[in-house]
Amino acid sequence: MSPVKAVLFDRDGTLVHDVPYNADPDLVRPVDGAREALDALRARGIRTGVVTNQSGIARGLLSEADVRRVNRRIEELLGPFDVWALCPHGPDDGCHCRKPQPGMVLWAAGRICVHPADCVVVGDIGADMEAARRAGAHGILVPTAQTRPEEADAAPRVAPDLLTAVRTVLNGLARDDDDSAPPDGPDGAEDPAGAAETDGSAQAARGQEATGPDREDRAERTNRTDRLSRADRADRTDRLSRAERTDRTDRSDRPSRADRADRTDRLSRADRADRANGTDVPDRTHRTDGPGAAEPDGPVGGSGGTVVGRAP
């Protein structure tokens, strides 16, 4: 039984003859052996998908609706695929989905719940093989007239036609080939534009990068932050405790509400007694002691003529 769980195909030049920027479903012509190859994969329970650059959208030469119509025609002729992924960007847009970036391969693998290492990418140019390598997938090159010699020389595997490439998959692949190496860097962590929402595949690919010294550095930083946080909390608690003790001491030096109420009550009783005896009550809104205390212009109160000012 083949260890491969999914095969992701380039579209133009691999599954169908290349018609540059094709927007016409009537121009779709499958390559020889394409239907037989796909049926053989499906019969063995191997998932199938398409990963295709469509820069004609960015160039304004066709629309996404045009691409969808062409894709529907391909499925009519070759049968249903488990996943489609397309990149609508141009070569200078700096996206992470356009091959040779691995974004579409990672996304498509995640969409069908397959690890990239269990996928094979079949294409006709070096960009297809590089996207497979960066994603950690296998690659098989099926050369066409557009394939450069150096691309064929650098390919991990080369098959003369699509049917032979699929038979290679069905016969099993060695797991120690260079093209099955893990991704080299953060490429492909983003979804391909125009595709459905991302599942966990891109996040898993990012998670694989956090290994070795980098993971240890992050752990050390986390420990340091935790130690600082604990020290800061202890220092803050100590400051609060000191402040609380100081405040408690300050409050203990102040007269209590009961003391103030008692003093007020004694003064009120004294005032009432003074009035009963006919004694004028000083106006307590003025100071009554010390040099420079204010004195009103005239006597205040009744017949006693008490002047509010300095104490006698």
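In this text the structure is predicted, and so the values were computed from the model without any measurement. Start at 1 with the first residue, then count along the sequence.
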| field | Basic-acidic side-chain contact under 4.0 Å: Asp10, Lys99 | value | yes
| Any salt bridge between Glu76 and Arg72, counting N to O under 4.0 Å? | no
| said: Who clusters with Val19? Use side-chain heavy atoms, under 4.5 angstrom, across I, L, V, M, F, W and Y, and order the result by chain and number. | reply: Leu27
Hydrophobic clusters here meaning ILVMFWY residues chained together by side-chain heavy-atom distances under 4.5 Å, can you tell me if [X] and [Y] are in one?
X: Ile125; Y: Leu162; value: no
X: Leu163; Y: Val16; value: no
X: Val169; Y: Leu38; value: yes

Test item: [X] side-chain N/O and [Y] main-chain N/O as donor-acceptor pair under 3.5 Å:
X: Asp82; Y: Thr48; value: yes
X: Gln101; Y: His96; value: no
X: Asp128; Y: Asp124; value: yes
X: Glu75; Y: Phe81; value: yes

| query | Would you say the side chains of Thr168 and Asn171 form a donor-acceptor pair under 3.5 Å? | reply | no
Might you point out which heavy atoms bring [X] and [Y] nearest each other, and give the distance in Å?
X: Ala152; Y: Thr147; answer: N-CG2, 4.5 Å
X: Asn71; Y: Arg11; answer: OD1-NH1, 2.8 Å
X: Val105; Y: Ala135; answer: CG1-CB, 3.6 Å
X: Cys97; Y: Asn53; answer: O-OD1, 4.5 Å
X: Arg98; Y: Ser55; answer: NH1-CB, 3.6 Å
X: Asp93; Y: Ala58; answer: OD2-CB, 4.0 Å

Quick one: are [X] and [Y] in side-chain contact, heavy atoms under 4.5 Å?
X: Trp107; Y: Val83; result: yes
X: Val122; Y: Leu8; result: no
X: Met129; Y: Pro156; result: yes
X: Arg148; Y: Pro143; result: no

| field | Derivation of the side-chain contact (heavy atoms from CB on, under 4.5 Å) call for Leu141 and Arg157 | value | CA-CA 6 Å; Leu141 183 75; Arg157 293 182 190 82; over 6 Å; no
| field | side chain to side chain donor-acceptor pair (under 3.5 Å) pairs, two or more places apart, involving residues 23-38 | value | Arg35-Asp39
| query | Should Leu170 and Ile46 be marked as a side-chain contact (heavy atoms from CB on, under 4.5 Å) after you check the CA-CA gap, both sets of side-chain angles, and the distance that decides it? | reply | CA-CA 9 Å; Leu170 296 175; Ile46 297 175; 3.8 Å; yes
